[in-house]
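Structure record follows, encoded as structure tokens.
None of these values were measured; they are calculated from a predicted model.
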Amino acid sequence: MGCRGISALVPKALPSLTLLTLGVSLGTLGTIPAAALDPNITALGEIPQPPIIGNVDPSKIDEIRRTVYVGNLNSQTTTADQLLEFFKQVGEVKFVRMAGDETQPTRFAFVEFADQNSVPRALAFNGVMFGDRPLKINHSNNAIVKPPEMTPQAAAKELEEVMKRVREAQSFISAAIEPGMLIT
């Protein structure tokens, strides 16, 4: 499906990133035009939403309402980190999930915001050039599928397993550098 596990699901707490891969600065990707937001929506505090389609888990409706679909992304140059950095200018981003076939020229993604008020600001970027392609941004019809949260015990066990593999790799590297010296 084109997602590479957790690396494609980017949490909001990442250090600041630049968009050097695209060859453009964030400033040249576009800014939100002041006239793009409907003042009536802002005044009423209501955000027009399309109807929920199909059989949707009621507990997911809020997540769906805070998520946008972002299409027409260059498969070769666009990363989840770049989308996270780009959409931070419209509001706090909770998750970004890349989707679609990496071997095709274009992919798509889902961006979930912390607040529904960020969605109309994100929709204002529809058609804005992102690298070499105009973004296609719409309301999402589904929530982002997230990995299950780990208990502290499960996280400790996973860390222990990873550290064991690191020690094994160090042992093999040491043995290759100094034959006959295997660290256990």
Side-chain angles (χ1 to χ4, degrees), residues 1-3 8-75 77-100 104-147 149:
M1 176 72 177
C3 274
L9 190 64
V10 179
K12 65 179 179 181
L14 284 180
S16 182
L17 303 168
T18 59
L19 297 173
L20 295 177
T21 306
L22 291 176
V24 293
S25 71
L26 184 60
T28 62
L29 287 175
T31 57
I32 303 169
L37 298 177
D38 183 342
N40 296 325
I41 294 171
T42 306
L44 295 174
E46 295 181 17
I47 302 166
Q49 297 281 346
I52 297 292
I53 299 171
N55 188 14
V56 176
D57 179 354
S59 68
K60 296 289 184 185
I61 292 176
D62 181 57
E63 285 182 46
I64 294 169
R65 296 292 191 213
R66 292 184 283 114
T67 303
V68 293
Y69 161 90
V70 183
N72 200 33
L73 301 171
N74 186 318
S75 293
T77 60
T78 304
T79 67
D81 292 340
Q82 292 168 335
L83 290 173
L84 172 73
E85 190 65 22
F86 181 76
F87 282 102
K88 278 167 73 175
Q89 61 187 316
V90 300
E92 180 184 350
V93 177
K94 288 188 74 170
F95 293 98
V96 172
R97 177 109 190 204
M98 297 293 293
Q104 296 300 310
T106 61
R107 292 177 71 190
F108 60 97
F110 295 96
V111 178
E112 180 185 328
F113 294 98
D115 186 321
Q116 283 189 32
N117 291 321
S118 299
V119 171
R121 293 190 295 266
L123 293 171
F125 279 101
N126 186 46
V128 168
M129 294 298 288
F130 189 81
D132 62 343
R133 299 178 192 274
L135 292 175
K136 292 183 180 177
I137 303 173
N138 291 301
H139 291 276
S140 179
N141 292 325
N142 50 289
I144 295 175
V145 177
K146 300 171 188 85
E149 291 190 25

Checklist entry - For D62, what residues pass the side chain to side chain donor-acceptor pair (under 3.5 Å) criterion, not counting sequence neighbours? => result R66, Q116

Could you check if a side-chain atom of [X] sits within less than 4.5 angstrom of a side-chain atom of [Y], using non-hydrogen atoms only?
{"X": "V96", "Y": "F87", "answer": "no"}
{"X": "V111", "Y": "V93", "answer": "yes"}
{"X": "K146", "Y": "F95", "answer": "yes"}

Measuring from atom [atom1] of [X] to atom [atom2] of [Y], what distance do you get when rounded to the nearest 0.5 angstrom?
{"X": "H139", "Y": "R65", "atom1": "NE2", "atom2": "CZ", "value": "8.0 Å"}
{"X": "T67", "Y": "I144", "atom1": "OG1", "atom2": "CD1", "value": "5.0 Å"}
{"X": "T79", "Y": "E85", "atom1": "OG1", "atom2": "CD", "value": "10.0 Å"}
{"X": "F110", "Y": "S140", "atom1": "CZ", "atom2": "OG", "value": "4.5 Å"}
{"X": "F108", "Y": "N138", "atom1": "CZ", "atom2": "CG", "value": "12.5 Å"}
{"X": "Y69", "Y": "L123", "atom1": "OH", "atom2": "CG", "value": "13.0 Å"}

Residue pair [X] / [Y]: nearest heavy atoms and the distance that separates them:
{"X": "R107", "Y": "S75", "answer": "CG-OG, 2.9 Å"}
{"X": "A109", "Y": "M98", "answer": "CB-SD, 3.9 Å"}
{"X": "V128", "Y": "A124", "answer": "CG2-O, 4.5 Å"}
{"X": "G127", "Y": "P134", "answer": "O-CB, 3.6 Å"}
{"X": "G91", "Y": "S118", "answer": "CA-OG, 3.4 Å"}

Checklist entry - Who pairs with K136 by salt bridge (Lys or Arg N to Asp or Glu O under 4.0 Å), at least two apart in sequence or on another chain? => result none

Item to check | Counterpart residues, side chain to side chain contact (heavy atoms under 4.5 Å, CB included), relative to T106 (two or more places apart) | outcome: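 Only N72, R133 meet the side chain to side chain contact (heavy atoms under 4.5 Å, CB included) criterion with T106.
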
Item to check | side-chain hydrogen bond (donor to acceptor under 3.5 Å, both in side chains) between N74 and D132, worked out | outcome: CA-CA 8 Å; N74 186 318; D132 62 343; 3.1 Å; yes

Item to check | Audit row: F125, F86, ring pair (Phe, Tyr, Trp, His ring centres under 6.0 Å) steps and yes/no | outcome: CA-CA 10 Å; F125 279 101; F86 181 76; 5.0 Å; yes

Checklist entry - Just by distance, do the side chain of T78 and the backbone of L73 share a donor-acceptor pair under 3.5 Å? => result no

Item to check | CA sep, side-chain torsions, deciding dist, call: S59, D57, side-chain hydrogen bond (donor to acceptor under 3.5 Å, both in side chains) | outcome: CA-CA 5 Å; S59 68; D57 179 354; 3.0 Å; yes

